[in-house]
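Notes follow the structure.
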Amino acid sequence: YKISVCLEVVCDSSHIQRTTGKLARYIDSLPLQDTQRGKLVELVQDHIKAMEQHSYSSGFSLGIDYGKYTAANDDSELLN
């Protein structure tokens, strides 16, 4: 048997720029004082950073688990 796994992650900078622009324009349109606007932007940035860190560690853990699985289930010596 053979197991093939392919994970594709696309990080399109133009999409990120578009969504960042939309968010910035929306925040600018809100009737907020400068301190409130600054706090909102800070919270959004902290949230994005936390999500990026979680995504990275989840992906790393997935890679480690897959490596352990393939090492534990390596039947290549049976083919010789």
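These values consider heavy atoms only, across backbone and side chains, with no hydrogens, waters or symmetry-generated copies.
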### Message
Which Ile, Leu, Val, Met, Phe, Trp or Tyr residues join Val41 in one cluster when any pair of side-chain heavy atoms under 4.5 Å counts as a link?
### Response
Leu23, Tyr26, Ile27, Leu30, Leu32, Leu40, Val44, Ile48
### Query
Heavy atoms, side chains only, cut-off 4.5 Å: are Arg18 and Ser14 in contact?
yes
### Rounded distance [0.5 Å steps], NE2 in His47 versus NZ in Lys49
14.0 Å
### Trace of the salt bridge (charged side-chain N to carboxylate O under 4.0 Å, His left out) decision for Arg37 with Asp34
CA-CA 5 Å; Arg37 182 175 286 110; Asp34 288 343; 3.5 Å; yes
### Message
Taking Gln33's backbone N and O only, do any of them form a donor-acceptor pair with Gln36's side chain (distance below 3.5 Å, no angle check)?
### Response
yes
### More than 12 heavy atoms of other groups within 6.0 Å of Glu42 CD
yes
